[in-house]
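Here is the structure we will look at, set down as structure tokens.
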Amino acid sequence: MTVRVEGREAEVPSGATAETALRAVVSGKKLKAVVAVNVLRGAEKTLLDLDAPLPEGCEVLEPVYADSADGLRLIRHSAAHVMAAAVRRLFPQAKATIGPAIDTGFYYDFDTDNPFSVEDFDAIEKELRALAAARLPFTRETLPREAAIERFRKENEPYKVELIESIDADTVSLYTCGEFTDLCRGPHVPHTGFVGAVKLLSTAGAYWRGDEKNKRLSRIYGTAFADKKALAAYLKQMEEAKRRDHRKLGRELNFFNFQEDVAPGMVFWLPKGMLMRVILEDFWRREHLRRGYSMVQGPQLLRVETWQKSGHYEHYRENMYFTDIEDDAYGVKPMNCIAHMLIYKNAMRSYRDLPQRYFELGVVHRHEKSGVLHGLLRVRQFTQDDAHILCTPQQLEGEILQVIRLIQDLMGLFGFDYKIAVSTRPANSIGTDEAWEMATGALIQAVEKAGLAYEINAGDGAFYGPKIDVRLLDCIGREWQCSTIQVDFTLPDRFDLVYIGQDGARHRPVMVHRAIMGSLERFIGVLIEHYAGALPIWLAPEQARVLTVVEAGDDAALRAQDELLALGIRVTADTRNEKLGFKVREAQMSKVPYMLVVGEKEAQSGGVNVRLRNGDNMGLKSVEDVAALIRADSEEPFRQGGMRYRFA
RNA sequence: GCCGACUUAGCUCAGUUGGUAGAGCAGCUGAUUCGUAAUCAGCAGGUCGUCAGUUCAAUUCUGACAGUCGGCUCCA
């Protein structure tokens with residue numbers, strides 16, 4: 001039969017392997033970097049092992065190179081197998097479970113009496129490299145399901161047996177590499193020589209099939225690349241990510257700290273960090289007023305009876321803090337919605353009053369389990385940029401669309417990468433089918449109208465309604481949920497919210513819960529990492545610092561500082577008796593955007609010598625010119641309905 | 001909450017095979033007036049995470065607890 005490879009045709013006998021076909025076209029040197037092949041048959045595309053016989057009727061072969069995305073995934077998946085083989089050589093009693101490739105590498109979970117630790121890595125890596133150096137082939141065999149179960153049962157591999165039992169197929173495929181055979185769909189790289197650039201990274205506990213009721217397994221994480229150079233580059237990038245860690249930067253920049261012995265999981269905002277936060281809050285409050293929100297604020301404590309009525313006491317009690325005052329029990333609010341509904345109920349509402357959009361920078365407390373706290377990204381006390389929109393069912397889609405626009409504007413402003421998911425009805429949910437359908441439809445319609453790519457998380461919605469979640473990516477590729485839009489038709493019911501319709505009758509409003517930054521703490525944490533601490537000028541707590549060289553410049557420096565302050569610039573002056581180099585270094589480490597040097601020369605000529613934090617020197621400038629530069633960069637970023645700036 | 005590692009000065013880290021501890025940076029004081037990422041000297045700073053146990057003696061060994069870090073699960 002005839003197949004096309006990279007634009008050229010090759011004639012191959014029926015039943016030939018992919019490798020034979022590729023050899024006819026691809027040069028020997030390039031072929032060495034091919035790990036598998038994509039086979040196209042009509043619209044169908046399958047990834048195959050190089051030594052697999054070509055299926056009848058295939059038209060095009062695409063070689064999968066080691067350094068492509070597909071190739072990398074195969075290398076990592078294969079590395080997981082080879083690592084398992086290495087582990088089994090050293091720890092024969094460890095039972096293999098599963099070992100997939102992930103975005104940043106791979107892992108393999110083992111059931112073993114003594115969990116692995118990094119001290120075991122040297123030995124495992126040594127074995128791994130020996131296996132790689134041996135260039136052992138991966139060989140595939142296909143067995144009837146029952147025969148495979150029998151075989152793994154004999155080999156005392158209960159997890160493999162359980163896996164096969166859950167597979168709905170007549171046959172399963174096995175891959176053998178050295179003395180280790182694993183259940184696997186494949187494909188794999190041709191031989192272990194492809195997984196030489198490999199590094200074990202960490203260990204972790206994990207549950208069998210991710211369920212905490214199941215047995216605990218010992219997980220080993222690692223990563224692998226097409227070559228040593230790419231691996232080294234990745235490890236360097238991880239170092240860089242560590243450097244950008246917001247916990248480290250927060251301390252170095254004097255933005256915030258944690259005092260674990262006093263209040264674990266709760267932030268102490270230091271003057272600089274708080275100034276930055278207040279600037280962000282001010283901007284955000286104004287933006288909400290501009291977009292038709294009303295600012296409200298509810299109490300921090302509500303009587304327990306109210307939480308019982310809302311269902312929080314029943315569903316959320318474990319995460320709540322309670323306190324007794326005289327003889328009454330109070331719950332500290334974990335969410336802001338109840339107060340907002342009570343504000344809605346303060347007056348009789350007409351359909352003409354809707355939508356009501358209540359916005360609050362609401363401080364909430366949630367008792368998160370101790371193991372999950374993580375700097376600013378996961379805390380126990382945080383501030384949500386929370387809003388609740390009460391509207392008619394007809395208004396729902398339009399309101400959601402506006403919220404999506406706000407999300408797009410905010411993420412665009414900072415240039416964040418994000419992912420969107422629509423979560424649908426979970427198993428244990430309340431509400432009618434019609435209500436769920438209407439709400440889910442409105443969410444999807446709105447996302448599509450906004451032209452956004454999204455995925456569906458089936459069954460992942462809240463118990464009271466479906467939601468849209470937006471996840472931001474941090475500097476090492478971890479995802480953090482920030483924005484959320486949830487449609488709720490239950491709480492308005494429980495609290496008997498009504499509006500009078502055009503027909504004069506009472507109707508139930510729909511409630512949209514939404515947060516854009518999600519929590520200020522988390523958002524600021526991601527922001528700090530995103531900018532590696534060098535915040536955009538409009539957010540920088542200290543926009544400029546005047547640096548003196550000799551005492552003779554002090555008066556001129558302080559005058560320049562006063563003038564800048566009068567022009568609305570956040571500026572400090574460093575007149576300490578230190579060398580200029582020392583002051584520049586400190587300003588640089590504090591990531592101050594503008595360093596303004598005033599020495600004897602400037603004291604005489606007037607003006608300041610401008611150095612930027614990227615190292616550029618702008619030379620002598622007048623104080624007015626510097627102020628104009630900073631103001632141009634720090635103008636409020638949203639203005640009159642559009643975005644003015646994108647801070648890269 | 002679960003698994004693993006860890007917890008010594010504000011920060012980064014040494015150290016004591018059981019006899020209550022040290023460096024650099026930061027801080028304070030003084031000298032130095034020095035032009036774009038570190039001037040020099042001196043001083044001060046620690047119940048060695050908390051509570052128990054073993055011991056003549058515990059920061060060191062054992063246990064429990066708390067917290068941190070990396071994951072799991074959960075979540076903004």
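So you know, we letter chains A, B, ... as the sequences are listed, proteins then strands, and number each from 1. Since this is a predicted model, take the numbers as computed values, not measurements.
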Hunt down any stem RNA chain B takes part in, defined as 3 or more consecutive Watson-Crick or G-U pairs whose two distances are each under 3.5 Å.
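Paired runs of 3+ in RNA chain B: B:1-7 with B:66-72, B:10-13 with B:22-25, B:27-31 with B:39-43, B:49-53 with B:61-65.
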
Think [X] has a side-chain N or O under 4.0 angstrom from the OP1 or OP2 of [N]?
X        : N     : result
A:Arg251 : B:U12 : yes
A:Gln481 : B:A76 : yes
A:Tyr221 : B:C72 : yes
A:Arg247 : B:C69 : yes
A:Arg611 : B:G35 : no
A:His374 : B:G70 : yes

Are the side chains of A:Glu529 and A:Leu249 in touch, meaning some heavy atoms are under 4.5 Å apart?
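SC-SC contact between A:Glu529 and A:Leu249 ruled out.
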
So, A:Phe582 and B:A37: ring centres less than 5.5 Å apart, planes less than 30° off, yes or no?
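No; centroid distance or tilt outside limits.
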
Give a yes or no on this: more than 12 heavy atoms of other residues, nucleotides or ligands lie within 6.0 Å of atom CD of A:Glu563.
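Yes.
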
Looking at A:Tyr107, I'd like to know if the NZ or CZ of A:Arg219 sits under 6.0 Å from its six-membered ring centre while staying within 45 degrees of the ring's axis.
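Checked: cation-pi criterion met.
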
Give a yes/no verdict on a cation-pi contact between A:Arg366 and A:Tyr321, requiring under 6.0 Å between NZ or CZ and the six-membered ring centre and an angle within 45° of the axis.
no

Inter-residue atom distance A:Arg585.CZ - A:Ser590.OG, 0.5 Å rounding
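Rounded to the nearest 0.5 Å, the CZ-OG separation comes to 10.5 Å.
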
For A:Arg585 and for A:Glu551, find the nucleotide of RNA chain B with the closest heavy atom, then tell me which residue's nucleotide is more 5'.
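Mapping each residue to its closest nucleotide by heavy atoms, the 5'-most match is A:Glu551.
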
